[in-house]
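Working notes for the structure below.
Start at 1 and go down the list; that is how both ligands and their atoms are numbered.
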Amino acid sequence: MNIQEKSRYREVYARAQQDPEGFWAEAAREIDWIEPATKIFDPSMGLYGRWFVGAKVNTCYNALDRHVANGRADQTALIHDSPLANPGGPSKITTFTYAELLKEVRTLAAVMQDFGVTKGDRVVLYMPMVPEAVVAMLACARIGAVHSVVFGGFAAKELATRIDDAKPKLIFSASCGLEPGRIVQYKPLLDDALKLATAKPKACIILQRPQQRCELTAGRDHDWVGLREAAMAAKKSADCVPVLATDPLYILYTSGTTGVPKGVVRDNGGHLVALEWSMFNLYGVKPGEVWWCGSDIGWVVGHSYIIYGPLIHGATSIMYEGKPIGTPDAGAFWRVISQHKAVAFFTAPTAFRAIKKEDPDGAFIRKYDLSKFRTLFLAGERADPPTVEWAEKQLKVPVIDHWWQTETGWCIAGNPVGLGMLPVKHGSPTVPMPGYQVDIVDEAAKPLPPNTMGSIVIKLPMPPGCLPTLWEQDARCKEAYFNEFPGYYKTSDAGYKDEDGYVFVMGRTDDIINVAGHRLSTGGMEEILASHPDVAECAVLGIKDTIKGEVPCGFLVLKAGVSREPSEVEKDVVGLVREKLGPVAAFKLAITVARLPKTRSGKILRGTIKKIADGEAWTMPATIEDPKVLDEIQGALKGRM
Ligand code: COA
Ligand code: AMP
């Protein structure tokens, strides 16, 4: 019997297609509901229907309380492993059992209630990778508050935009974050953001980290540790607040096609059911086992698989404050897996490219006992076949690419380890997960035959866990995802399916680029470049990078009469992107050109510039206004890449 015949995938997928309500009702039995759903799926609600309508539930209860009640009180829930907190020495490890984590969460939730936070209020987190962030997110879930985590690598303006959209009652932040060789002061960024934002929170709760403390703003800021100690001494403790399955659990902002980010909403019920289903059926992890997701809590992958998925499932989750290389070396990942006996690990391909460059022969891998380690999962960007092959050869475990988006909250296409793995095809994240009907269509939404590139769309309704809408923006949500291909959700990814139904995701159809697994809008960067007083016109595009996959590159046309050296303006705009968008953009290259290549109707030929910059074969576009401009671009790129 071959591997494919052993897999239950086809049968399980077919069942979810034929009887979605029956399938998800059965999956929902793994969740503890306060009141069951009156309807598993109601097509008349929301933008495309809603899951588990009428049910009452609490996500924090499912992540903590029920495990404490059911024999996991003394099992480790969270392992915080931070090489950055102790550079030059052994990594700083802090662990929490389920009972300990619950106590922290109950206490902080009570503190939040003292600040007047109640069900439905928004709470923003601008936090580094510390366990307190997990406590704060779960405390929000406990009292029905809606958290919105902003990744620490974003600058003040980005934070301000999110604060203005979410209008939080409370903000959690910290004095600093830790990057290799650099302490990132968070407090000045928070202060600047609050100056820029029009929405004003009632209070900020600030964690003073020993590496760099900060001044607290009188009347607004409160010391986290002080509040915790006082609340513990007073034995304050908040109970779980029942919420509707369809109530929001969190908002997570992601890059849109303009500079204004989209607030992806996640609801409670569908999210609980989908993540619980995925932990064993997709990732093959059993309750009680140790799981590691090496993302950041600021990204969807971190939300779903550092925090909610493993905890809902009763597993032990590792939270890592470090990098794949340099903290202290390219063996960091293997040290963590071996020290904590992780059975599965999830990271982005970019991290593996960085390790492969430093340790091409895998010498560090052989220094560690990886006998418990069973599977490596990759996502966040296309897993390029050479990286997958290298990882398979070195680690001798299955390496599984899987594809998803902030909007879906969990995997769209993957290789289901728990159901029995299907054969791996390099370059493909394998097959659609139950509940996702993935189609490849042309501009008229007509399905295309196998092996034909087109837009990747998901037939509505989406399965539980996927976005019901954008925060207070139903119309924008429809416009962004549902209007172009009626009856479908538009992924904005392009690709094809082969004759076996394997999905191949090849790139975006919009202006989003993927830099080291981070999703960024080039349109947003162009807005920043265009704000420079000397810039007449600009274009930003993603160019190939051996480690990060893509990095942004800006082309500038200066205004007539600008007397400053082009190199000075280039330096300015590099600084501007770092200041306004943040270091995460990795925007380091701006090149001044006399003109940008355009079509006769005035559209910038970004695709052709990209091909030239990437050193790929290109053909002269028939619609080009002046072919000579491309020679100028080629000339300008010489010596700059
Ligand atoms: N707070 C503040 N700054 C941050 C930050 C944070 N939370 N995270 C990253 N930055 C900064 C970095 O210090 C760096 O600044 P620099 O320009 O001064 O060097 C910049 O943002 C870019 O960071 P990053 O993209 O992480 O690049 P890197 O060169 O530091 O590391 C990799 C490269 C490949 C090792 C790293 O990107 C990596 O591990 N990526 C995995 C991505 C991932 O897990 N994605 C989640 C989706 S699954
Ligand atoms: P994010 O919302 O930040 O998770 O980014 C989602 C985008 O990253 C997707 O739309 C894809 O463009 C890309 N992506 C994520 N995972 C994969 C993958 N396994 N293969 C190809 N692209 C991916």
Requested in this report: Apply side-chain contact (heavy atoms from CB on, under 4.5 Å) to Trp291 and Met279, showing your working.
Outcome: CA-CA 10 Å; Trp291 154 266; Met279 283 304 298; 4.1 Å; yes
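- Only the side chain of Arg578 comes within 4.0 Å of ligand 1, judged by heavy-atom distances.
- Taking atom 22 (C) of ligand 1 as the reference point, the nearest protein heavy-atom neighbour is Pro583 O, 3.6 Å.
- Here Thr375 contributes atom OG1 and Phe346 contributes atom CZ; the two are 13.0 Å apart, rounded to the nearest 0.5 Å.
- Salt bridge status for Asp498 with Lys425: present, with a side-chain N to carboxylate O gap under 4.0 Å.
- The aromatic rings of His147 and Tyr308 sit parallel, their planes meeting at an angle under 30°, below the 60° perpendicular limit.
- Within the listing of ligand 2, atoms 18 (C), 19 (N) sit less than 4.0 angstrom from a heavy atom of Asp401.
- Not a single heavy atom of Ala586 sits less than 4.0 Å from an atom of ligand 1.
- Taking a cut-off of under 4.0 Å to the non-hydrogen atoms of Ala379, the atoms of ligand 1 that pass are 48 (S).
- Close contacts of ligand 2 with Asn514, meaning ligand atoms under 4.0 Å from a residue heavy atom, involve 8 (O), 13 (C).
- Side chains of Arg606 and Thr522: no donor on one and acceptor on the other come within 3.5 Å.
- Considering only non-hydrogen atoms, atom 19 (O) of ligand 1 lies nearest to Lys588 out of Lys588, Lys548, Lys357, Glu179.
- Of the residues Tyr320, Phe333, Phe377, Tyr305, the one that meets the ring-ring contact (aromatic ring centres under 6.0 Å, His included) test with Phe345 is Phe333.
- For atom 15 (C) of ligand 2, the nearest non-hydrogen atom of the protein is Gly380 C, 3.3 Å.
- For ligand 2, none of its N or O atoms has an N or O atom of Val300 under 3.5 Å away.
- Using a cut-off of 4.0 Å between Lys/Arg side-chain N and Asp/Glu carboxylate O, Lys195 and Asp192 are scored as salt-bridged.
- Atom 9 (C) of ligand 2 has as its closest protein heavy atom Asp493 OD2, 3.2 Å.
- Stacking of Lys490 on the aromatic ring of Tyr481 is not recorded, the 6.0 Å distance cut-off and the 45° axial limit not both being met.
- At the top of the distance list for atom 34 (C) of ligand 1, counting protein heavy atoms only, stands Thr350 OG1, 3.4 Å.
- At under 3.5 Å, not a single nitrogen or oxygen of Thr254, backbone or side chain, sits near a nitrogen or oxygen of ligand 2.
- Residue contacts with ligand 2 for Trp404 involve N, CA, C or O but no side-chain atom from C-beta outward (heavy atoms, distance under 4.0 Å).
- Protein heavy atom nearest atom 43 (C) of ligand 1, with residue, atom name and distance: Ala348 CB, 3.8 Å.
- The presence of a protein heavy atom under 4.0 Å from atom 36 (C) of ligand 1 is ruled out.
- Looking only at heavy atoms of the protein, atom 2 (C) of ligand 1 is closest to Gly152 O, 3.5 Å.
- At least one protein heavy atom sits closer than 4.0 Å to atom 47 (C) of ligand 1.
- Gly294 counts as a contact of ligand 1, since one of its heavy atoms falls under 4.0 Å from the ligand.
- Closest heavy-atom approach to atom 23 (C) of ligand 2 within the set Met506, Arg519, Arg508, Glu381: this belongs to Glu381.
- Heavy-atom contacts of Thr406 reach the following atoms of ligand 2: 1 (P), 2 (O), 3 (O), 4 (O) (cutoff under 4.0 Å).
- For atom 22 (N) of ligand 2, the closest heavy atom belonging to the protein is Arg382 N, 3.5 Å.
- Proximity of the aromatic rings of Phe172 and Trp224 is defined here by a centroid distance below 6.0 angstrom, and this criterion is met.
- Both the backbone and the side chain of Ala516 come within 4.0 Å of ligand 1, judged by heavy-atom distances.
- Checked by distance only, ligand 2 and His402 come closer than 3.5 Å through their nitrogen or oxygen atoms.
- Residue contacts with ligand 1, taken as heavy atom pairs separated by less than 4.0 Å, involve Tyr186 solely via side-chain atoms from C-beta onward.
- A salt bridge links Asp81 with Arg335: at least one charged nitrogen is closer than 4.0 Å to a carboxylate oxygen.
- For ligand 1, the atoms closer than 4.0 angstrom to any heavy atom of Val584 are 21 (O).
- Considering only heavy atoms from C-beta on, Asn415 stays 4.5 Å or farther from His402 through its side chain.
- Separation of the Trp410 and Tyr283 ring centroids does not fall under the 6.0 Å cut-off.
- From the protein, the heavy atom lying nearest to atom 30 (O) of ligand 1 is Lys323 NZ, 3.1 Å.
- For Glu443, the CD atom is loosely surrounded, since the number of other residues' heavy atoms within 6.0 Å does not exceed 12.
- Around CZ of Arg213, the count of heavy atoms belonging to other residues, nucleotides or ligands within 6.0 Å does not exceed 12.
- Contact of the Asn451 side chain with the Phe504 side chain is not registered, since no non-hydrogen atoms from C-beta on lie closer than 4.5 Å.
- From the protein, the heavy atom lying nearest to atom 39 (O) of ligand 1 is Pro324 CD, 3.3 Å.
- For CD of Glu215, the number of neighbouring non-hydrogen atoms (other residues, nucleotides, ligands) closer than 6.0 Å is 12 at most.
- With a 4.0 Å heavy-atom cut-off, ligand 2 is reached by no atom of His518.
- Looking at atom 14 (C) of ligand 1, its nearest protein heavy atom turns out to be Arg182 NH2, 4.1 Å.
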Requested in this report: Would you please test Val551 and Ile543 for side-chain contact (heavy atoms from CB on, under 4.5 Å) and show each step?
Outcome: CA-CA 5 Å; Val551 286; Ile543 57 174; 4.0 Å; yes
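- The nearest heavy-atom contact from the protein to atom 8 (N) of ligand 1 is Phe151 CZ, 3.4 Å.
- Under the 4.5 Å side-chain criterion, counting only non-hydrogen atoms from C-beta, Phe154 is in contact with Leu581.
- When non-hydrogen atoms are compared, ligand 2 lies under 4.0 Å from neither the backbone nor the side chain of Leu378.
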